[in-house]
Protein chains: 2
Amino acid sequence: MAQIKNFRFEELLDKHHLKKTGARLRVLSMMYSKNTATSQPDLESVMSDIDRVTLYRILNVFEEKGIIHKVFDLNGTANYAVCHADCGENHHHDEHLHFNCTNCKNVYCLDELHMPRLNLPEGFKADSFTLYASGLCPKCSKKNASSVN
Amino acid sequence: MAQIKNFRFEELLDKHHLKKTGARLRVLSMMYSKNTATSQPDLESVMSDIDRVTLYRILNVFEEKGIIHKVFDLNGTANYAVCHADCGENHHHDEHLHFNCTNCKNVYCLDELHMPRLNLPEGFKADSFTLYASGLCPKCSKKNASSVN
DNA sequence: TTATAAATGCAACATAATTACATTTAGATT
DNA sequence: AATCTAAATGTAATTATGTTGCATTTATAA
């Protein structure tokens, strides 16, 4: 996953009729190289040469196209992670567990834990589900065990 | 639920060692009278005489005390709903489904649908879970069916 | 009645996100 | 290769949400 070649991203942009720009390729590259979700502020801190608004727009268009999906962290900030489900134009199926670490603040997508079937009360028509958990991620629970910080 | 008397709220504040102020009683009264979650902007639009910051602080202290719990809506805005589980000081158990209507934006707590047991991957230590869904609530799905709006 | 910790009000600040419009550019067309 | 155009980006301003520090007021305990 950390070694995805650039031409793969170019194909991906082509597939969605998006122009292959440097900014978009860099955003894709960063997002695919991590196993945690990414926010606009995250991107901005790394890619300070790209305008804030451009980064917001890139995230939005990628979400519309079904390339990434949105999940809010404990602060209510929008974070995005690459879709591994078969998501498409305005149609997401990322019904897995999102784990937000209260220590390092990272949001992990635990794709292996997906939603159980639920019978909603009369009248409710759901078109998307998400599972959300918060607590300590492996790295931080290990740290907390050793040091008392 | 819509008819909870004021002295009940006074008892509730007493129980948590919070002073019985007008602002707090009004916030409690409003939140208990609705079956949907409430945000600071919601409160502010109704109680414009109370300072914004005071409303934020009331919501925060109620959450700390386990009187209400927080859930983010589709815009990432913090919404709060009364706890029906046995929540206490910094310890919530509101592990039920939160339904966000994409039309009217209301957040409903569907207490009857709670979290299934999950086996998290090695190392993840969760201390809270939430189920989240979005779609149309009963009112809005009925409207959409009749009118083509 | 009074003393005081708690609660509120107010001003300033911080951060996330959006909008409008000008400029640049990827990529198609010739 | 030169040119054209819709798409993408940059810039500035604005809005929304939330927080912090400090002065003032108030609920309530003594």
Side-chain angles (χ1 to χ4, degrees), chain A residues 6-7 9-29 37-65 67-80 89 100 105 107, chain B residues 6-7 9-29 37-65 67-80 89 100 105 107:
Chain A
N6 223 36
F7 68 83
F9 298 138
E10 300 199 350
E11 276 173 22
L12 186 58
L13 292 175
D14 261 344
K15 179 177 143 192
H16 291 286
H17 311 294
L18 297 172
K19 290 187 181 175
K20 290 163 243 169
T21 66
R24 286 176 176 170
L25 289 169
R26 285 165 68 192
V27 169
L28 283 178
S29 171
T38 309
S39 65
Q40 182 279 336
D42 292 339
L43 292 173
E44 195 181 349
S45 71
V46 175
M47 309 177 190
S48 52
D49 55 317
I50 302 175
D51 191 81
R52 305 174 50 258
V53 181
T54 300
L55 295 174
Y56 276 115
R57 285 194 277 231
I58 288 174
L59 291 171
N60 285 336
V61 73
F62 283 2
E63 197 205 4
E64 279 167 24
K65 296 293 187 178
I67 299 172
I68 61 180
H69 61 277
K70 172 157 69 173
V71 52
F72 291 106
D73 64 21
L74 290 166
N75 304 315
T77 305
N79 280 247
Y80 297 87
E89 200 89 9
N100 200 165
K105 315 301 180 195
V107 175
Chain B
N6 225 36
F7 69 82
F9 298 139
E10 301 198 351
E11 275 174 21
L12 186 58
L13 292 176
D14 261 344
K15 179 177 142 193
H16 291 287
H17 312 295
L18 297 172
K19 290 188 179 172
K20 291 163 247 169
T21 67
R24 284 174 177 170
L25 289 169
R26 285 165 67 193
V27 170
L28 282 177
S29 172
T38 308
S39 64
Q40 183 279 335
D42 292 340
L43 292 172
E44 196 182 349
S45 71
V46 175
M47 309 178 191
S48 52
D49 55 315
I50 303 174
D51 192 81
R52 295 168 10 77
V53 181
T54 300
L55 295 174
Y56 277 114
R57 285 194 277 230
I58 288 175
L59 291 171
N60 285 336
V61 74
F62 284 1
E63 196 205 3
E64 280 167 25
K65 296 295 188 177
I67 298 172
I68 60 180
H69 61 278
K70 173 157 67 173
V71 52
F72 291 106
D73 65 19
L74 291 166
N75 305 313
T77 305
N79 280 247
Y80 297 86
E89 200 89 9
N100 201 165
K105 315 300 180 196
V107 176

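Every chain is numbered from 1, with letters handed out A, B, ... down the list of sequences. All figures in this text were calculated on a predicted structure; none of them were measured in a lab.
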Just the rounded figure in Å: distance from [atom2] of [N] to [atom1] of [X].
X: B/Leu25; N: D/dA27; atom1: CG; atom2: C1'; answer: 12 Å
X: B/Leu55; N: D/dA16; atom1: CG; atom2: C1'; answer: 15 Å
X: A/Glu64; N: D/dA7; atom1: CD; atom2: P; answer: 13 Å
X: B/Leu18; N: C/dT8; atom1: CG; atom2: C1'; answer: 14 Å
X: A/Ile58; N: C/dT25; atom1: CD1; atom2: P; answer: 15 Å
X: B/Met47; N: C/dT8; atom1: CE; atom2: C1'; answer: 15 Å
X: A/Glu44; N: D/dG10; atom1: CD; atom2: C1'; answer: 13 Å
X: B/Glu10; N: D/dA27; atom1: CD; atom2: P; answer: 12 Å

Query raised in the report: Hey, are B/Asp73 and B/Asn100 close enough side-chain-wise for a donor-acceptor pair under 3.5 Å?
Result: no
Shortest non-hydrogen contact between [X] and [Y], atoms and distance:
X: B/Ser39; Y: B/Ala78; value: CB-O, 3.2 Å
X: B/Leu18; Y: B/Arg24; value: CB-NH1, 3.6 Å
X: A/Leu74; Y: B/Phe72; value: O-CZ, 3.3 Å
X: B/His69; Y: B/Glu63; value: CA-CG, 4.3 Å

Among [options], which is the nearest nucleotide to the side chain of [X]?
X: B/Pro41; options: D/dA8, D/dT17, D/dT26; answer: D/dT17
X: A/Ile50; options: C/dT8, D/dG10, C/dG27; answer: D/dG10
X: B/Lys20; options: D/dT28, D/dT17, C/dT8; answer: D/dT28
X: B/Tyr56; options: D/dG10, D/dG18, C/dA7; answer: D/dG18
X: A/Asp51; options: C/dG27, D/dA8, D/dT11; answer: D/dT11

Report summary line: Whichever of A/Thr54 and B/Phe72 has the more 5' nearest nucleotide on DNA chain D, that residue is A/Thr54
Requested in this report: Specify the residue among B/Gly22 and B/Asn60 whose closest nucleotide of DNA chain D lies further upstream toward the 5′ end.
Outcome: B/Asn60
Query - N or O in side chain of A/Thr21 less than 4.0 angstrom from D/dT9 OP1/OP2 - result: yes
**Report entry** Under-4.0 Å side-chain N/O to phosphate OP1/OP2 contact, A/Thr77 with C/dT15
**Finding:** no
Query raised in the report: When you match B/Arg52 and B/Arg24 each to their closest nucleotide on DNA chain C, which lands nearer the 5' end?
Result: B/Arg24
Query raised in the report: How is A/Val53 classified with respect to the nucleic acid when contacts are heavy atoms under 4.0 Å: base, sugar-phosphate, or nothing?
Result: base
Query - Base D/dG10 to side chain A/Arg57, donor-acceptor N/O within 3.5 Å cut-off - result: yes
